[in-house]
Each structure stands twice: as structure tokens, then as C-alpha cells.
Asker: 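Here it is, the structure in full.
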Amino acid sequence: MKKNTNTPEPQSSVVPRFCEKRLAIAMAKFLPDEEEAWLPGMPVGNLTYELEGGARVTVTEKQDAELDPCGVLMDADVENLCDLDVFSEGSILHHVRKRFKKAEGQGIYTFVGSILVACNPFERFQIYGPEYVEKYKTAAQMNDAMSPHSYAIAATSYERMRQTVKSQSTLISGESGAGKTETTKQVLQYLAAVAGSGKPGELGIAEQILQSNPVLEAFGNAKTLRNDNSSRFGKWMKIDFDVATMKIQGCSIINYLLEKSRVIAQNENERNYHAFYQLIRGATDEEKADFKLLDVDEYPFLNKSGCTTVNGVDDKKEQDDMRKAMDILQYSKEDQKLCFQTLAAVLALGKIQFVQGEQEDSSACSPESESFVVDAARLLGMELEGMTGLKTALTKTFLQVGRGSTTEKFFTVSKAIETCDAFAKAIYGLMFDWLIMKVNQTLFHGETKVHFGCLDIFGFETFAVNSFEQLCINFTNEKLQFHFNEVIFSEEMKLYAAEGVPADKIHFKDNKPCVDLIEMRKPIPGLLALLDEECKLSKGTDLTYLSKCDDKFGKKGEKPYCDYFVKRPQDKETFKVQHFAGPVECRYIFLEKGSCAPRTTPTLRFLQIF
């Protein structure tokens, strides 16, 4: 193109340079990146873009046409991403990442409409406490705009509940290690500060609710590969409010799906539940002698993962804090002792070894294990049955034959080990349920007209080795995503249609087939239903279970479920589930974890401790 000499050359000034920059931003696009998912690219030539750091990427015309623009607000600090001129996966990640890098934790929160996105900085910032509570309380009462913060969600919900006298709820979800437990505590701290009913200097119900955290975290949290304080259970907290004063009147907690398999085994570099380590390192001399406690490294339930400590965590101090919390929650000294001696009993069960019995296909406790059998029986309060009763429960069962008569059936060594492990898991699970019941006895003071609900559920998980627990946890998140889609997208579109509001159809991936793949019973059984069936078969195995799953949902299986189930023919031990958050490869060992606790008559009697 020939240059037009009649047009004066532009003079160098701030305005042209500013216009050039705005033009470049308007032409910028998000390019895929292996580490960051998406990065903004500034155009520097024909189909060539320069990324942050100076790297250049050249794309084809077809690829270029499919790239999303960055939008004119690419460099702006946007607190609510609904204000963006371009709303895409790349723009969401770019602005959340840019805000996260702000100093002193000022950008770890970002709004997307009424949804709060929180990025875990894995360090504590001075952005919480009374000053911030008052700031968000005042803003909510004045209906002023609020900066993104966990307090903003709590303040908005509480003020709406106060004005409308209608119950509110908050869902806190995210992948493992995202900070859900800490966010839950921040929401509770805000509510306790603005709606606590105790007098100055008194421990009111709000403080008691906060003190439930050290207890539940000790017995329900553990170190995982991704999180030093990972909740291994889900909980629904329902905080009741007095309608007249809008002060907290009480609270009740429902727990879900405690990961009981962690009691007997953990992945490499993970820990068992905190309570075990806290007890061993924080027990008094009297408790150590009474419970016959050994060093952490001497317990098979604790020493096989290669990890017994957490950086920056003092288990003894955590034990002291947990005991103080138990006092505030009105656990008696007898109740507390029962908890600690049950922990010691579980550890003693893990020390029991089994050998071939006198009869064929029978088993017996090894002579070296006699002392641990005695300790476990005593700690579990089995005064009448004692060591003999526990041995019987772990090595044989009783079958009813005919009318009123029974016969003994001995366990093989492998079955005895399995029974002992199942017994330990069942005891721990019952103790945890009992702990929740005791908390509720202190916190719950009757139903009220309005309440604030807070759901803190497991995050999406994928590890090097995934099994039954990850399938259950990820299924829970899959259900939450389905509910999110229904509420945010489907219901909104129905509302627009009903009110005659013109709106483009929102395209989102429907994950209902993935939910059905896991949970459905009819017209065909899903993964969990097939597992139930296999557990009932005397000769059922993990391999036969996976074979049936492959027949139902493999490449030639039922549509559309086969799109979410992947099984490689050459690999008989694993399969993949295509979750909304990504594929997760599950390894077998399902039947052992999907089966119930041992059902021998003596064992059932011992499980009545709680």
C-alpha cells in the first residue's frame, strides 16, 4: 500500500501511545498454556502473539478464529467478574490470577455475581477480625457495595435473613486444599461476632459453636498430599436464630461420609487422623501408663506412610487446645477419657497379628500379640468377654443352621486381618458419630423459625492412586455441580422465559449422565449399585466387579453413560470416570472398602460401646 504523503505524520505524545495500547489490548487474545491454562497474548505480527515473559506463539487462521478475546478491561482491577466485557474461561482465570498477586492478601477474593471465588494463599493475612467485621456489617446494613471477602457473603446472608425473616444457606465447595474449612470458620466467626448472644466476659452459644472446630478437626481431619488439614468428612451446620432478637440460639451438626479407611492405612506421605498423634504426644504420664501408649513409629496404623509430623504443627499444643474445647463443649472428664482410650484401643488392634490356627483354614492371634489383645479388650470396656471374647470375635463367626442351633465357622488368616481392620474402622466411625452427638447435645436448643445453614463438603480429589473414597468424594462434588447448574443456569433461563425477558440460551455442559453413571439403580444399575450387588456375592471380587462395569459402560455399553466411563482393555485393575472437573483414574480395592463392618454376633455386641 502506498503511503499517503498528504497526511501529516503523528507526533509522539501520550495520547497516541495510549490509543495504540488500547488498540493492542482490544486485539489481544487468550492462548492455551500447559501450566496456567490460559495466558493473554498481545498481537505482534500476522497470527503471532507475545505472552507474558516475552515468549511468542504463532497460530493458524483456524486456531486464531477460535481464540477468545481478552477484552478492553484486561488490565483493569475488576472485583466482580460479571462486569467484564468478555466472559470466558481465560478471562476468569486471568483476572482471578491478577487479583491473587496483589500484596497482603488484598486480592485473594473475587466476586462472580453472588458467588465468591477464594484462592488459598497458604498463609495468614491481617484481613480478618473485629475491624473487618464492623466494616462489612455496616456496609450490609446500609446496602452499600462490598469488596469481595468471606465476610461479605456472611454479612449479606445475615442481613437478608434479618430483614426477610427467611432462612439462608451458604455452600462452600472446591477442590481439596482450596481452603473450605478455613472459609467455614471465617463465616462462623462473623456470625458469632454480630449475632452472639452471650454477655461480655461470658462464653455464649456462639463461642461454643466456634469451639466445635478444634474437636471435629482433631478427629475428622488429616494431612493429605494436597492439604495439611484436610477434612475427611462433610458437615452441614444449621445455626438457629431467635426471631425476636436475631441472635444465635443454637446449632446442630450433621456429618457425612467419614473416610474410615484412613484409620487403617494412608497413602505415602499422608497421616492418619490428627487425634492419634495428638494423643501420643500430648497424653499425661498417667494416660500413657493407663493406655499403654507407645511411640508413633511403633503403630502399624501410623507408621507405614512415611509421615508422622506436619511442618509447623505442634501436636501436643493441638491436643491441649482440643481438651480446652471439649471442656467448653461440656464433655465430662469421663467422656474425654472414653475418647482417648478408644483411640488407644484402635491402635492396639492394629498391633494384633494373626497366624495359622490349629484347624485347616482357621486363624489365631499370634503369641506376640497376646498383650495387645488384652489391652484392646480392656480399653474397649469388655470386662465380661475379656481377651477370650475379642479373640473369638476376630477369628470366627457363628452361623445359624436349622431352628435355634448355631455352628462355628473359622476365619482364615486373611479374613481375620480383614475383620480386625473392619472392627477398628467401625469403632472409630461410631466414636466420631458419638462425638457429633455430644456436640449437638450442648449446642442444640430447639428448632426456630429461621436458621443459617452452612455446608462444608469434601473437595474434588485426584491423586496418584484413587480408590473408593475418591469415587464417593468426587460423586458428591458431581452432585453439587449438577445442583449448581440447575439453580444458576436452568432455573434462570426458566425465569427469563416465564417473564418474557429476551436472553441468549446459556450453553453449559450437562453432567447428569455422569451423576447417573454413579448413582442410578434403574433402568440399569450404576457403579454403586453394581458394587452393592458384588459385595453380596460370596465369590465376588474387584476384578469381576470391574468386568461388569466394563460390560455395562465400556465402549460398547449404554449411551450416554459410556462417554463418562473409560476402561483400557490391557489394564484390568483401573478405570476412569470423566468428571466435570477432569478425568480421575480409580484403582480397584473397592469391595473391601464398600463392604460393611463385620457382622459376627460378638463383634456387634462390642460395637455397642457407643
Side-chain angles (χ1 to χ4, degrees), residues 180-181 184-185 188 203 205-223 229-239 250-264 271-283 287 291 293 301-302 315 318-349 376 379-381 423-445 454-458 597 606-610:
K180 299 180 297 300
T181 299
T184 299
K185 289 191 281 191
L188 295 178
L203 284 174
I205 184 66
E207 178 62 24
Q208 288 181 318
I209 293 173
L210 294 178
Q211 289 301 316
S212 67
N213 286 315
V215 176
L216 299 186
E217 287 185 18
F219 290 89
N221 288 29
K223 178 190 180 302
N229 188 35
S230 176
S231 295
R232 309 313 299 165
F233 72 105
K235 68 175 180 288
W236 165 254
M237 302 186 72
K238 186 168 76 70
I239 304 172
C251 174
S252 60
I253 301 173
I254 299 175
N255 62 296
Y256 303 95
L257 291 172
L258 177 71
E259 186 187 29
K260 288 183 283 190
S261 64
R262 180 168 293 272
V263 173
I264 64 169
R271 291 209 315 178
N272 207 321
Y273 289 104
H274 298 323
F276 289 110
Y277 309 90
Q278 292 175 6
L279 174 64
I280 293 173
R281 291 169 176 144
E287 288 171 336
F291 301 156
L293 292 176
F301 285 171
L302 306 180
D315 287 317
E318 295 294 320
Q319 170 81 348
D320 293 340
D321 292 342
M322 190 262 288
R323 290 180 192 246
K324 292 175 183 176
M326 280 186 151
D327 290 336
I328 293 173
L329 290 169
Q330 300 175 12
Y331 284 87
S332 67
K333 294 303 179 184
E334 291 74 19
D335 289 339
Q336 294 181 37
K337 182 180 179 181
L338 178 60
C339 288
F340 302 144
Q341 74 181 45
T342 303
L343 290 175
V346 170
L347 293 175
L349 287 172
L379 292 168
L380 290 174
F423 188 28
K425 292 187 292 183
I427 289 173
Y428 194 90
L430 286 169
M431 179 185 66
F432 190 76
D433 290 340
W434 178 82
L435 283 167
I436 299 289
M437 181 194 72
K438 296 294 290 186
V439 170
N440 287 336
Q441 286 178 352
T442 298
L443 300 183
F444 184 65
H445 297 287
C454 184
L455 179 62
D456 176 12
I457 202 71
F458 320 89
F606 303 150
L607 294 183
Q608 294 172 0
I609 298 168
F610 293 101

Asker: Assess whether side-chain contact (heavy atoms from CB on, under 4.5 Å) is satisfied between T342 and Y428, documenting all intermediate values.
Answerer: CA-CA 8 Å; T342 303; Y428 194 90; over 6 Å; no
Asker: Considering only heavy atoms from C-beta outward, does the side chain of N255 approach that of W236 to under 4.5 Å?
Answerer: no
Asker: Indicate yes or no: at least one non-hydrogen side-chain atom of I205 is less than 4.5 angstrom from one of C251.
Answerer: no
Asker: Would you call K180-D456 a salt bridge at under 4.0 Å N-O?
Answerer: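 A salt bridge is absent here (no side-chain N lies under 4.0 Å from a carboxylate O).
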Asker: Is the closest side-chain heavy-atom distance between N229 and H274 below 4.5 Å?
Answerer: yes
Asker: Q319 and side chain to side chain contact (heavy atoms under 4.5 Å, CB included): which partner among K324, R281, Q278?
Answerer: Q278
Asker: Taking side chain as C-beta onward, heavy atoms only, is Y277 less than 4.5 Å from E318?
Answerer: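 Y277 does not reach E318 side chain to side chain.
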Asker: Taking the side chain as every heavy atom from C-beta outward, state whether L188 and I239 have any atom pair closer than 4.5 Å.
Answerer: yes
Asker: Mark yes or no for whether Q336, through its side chain, and Y331, through its backbone, hold a donor-acceptor pair below 3.5 Å.
Answerer: yes
Asker: Can you tell me if N213 uses its side chain to pair, donor with acceptor, with the backbone of L210 under 3.5 Å?
Answerer: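 Between the backbone of L210 and the side chain of N213 there is a qualifying donor-acceptor contact (under 3.5 Å).
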Asker: My understanding is that only residues two or more places apart in sequence, or in another chain, count here; which of them pass side chain to side chain contact (heavy atoms under 4.5 Å, CB included) with A345?
Answerer: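 By the side chain to side chain contact (heavy atoms under 4.5 Å, CB included) rule, A345 matches L379, L380.
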Asker: So, do V215 and M326 sit near enough that their side-chain heavy atoms are less than 4.5 Å apart?
Answerer: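 Touching, per the 4.5 Å side-chain cut-off.
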Asker: F432 pairs by ring pair (Phe, Tyr, Trp, His ring centres under 6.0 Å) with which of F233, Y273, Y256?
Answerer: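 Result: among F233, Y273, Y256, F233 is the only option passing the ring pair (Phe, Tyr, Trp, His ring centres under 6.0 Å) with F432.
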Asker: Would you check, one step at a time, whether the test side-chain contact (heavy atoms from CB on, under 4.5 Å) holds for I280 with L343?
Answerer: CA-CA 10 Å; I280 293 173; L343 290 175; over 6 Å; no
Asker: Are any of the side-chain heavy atoms of K235 and I436 separated by less than 4.5 Å?
Answerer: no
Asker: Would you indicate whether the side-chain heavy atoms of F276 and V346 approach each other to under 4.5 Å?
Answerer: yes
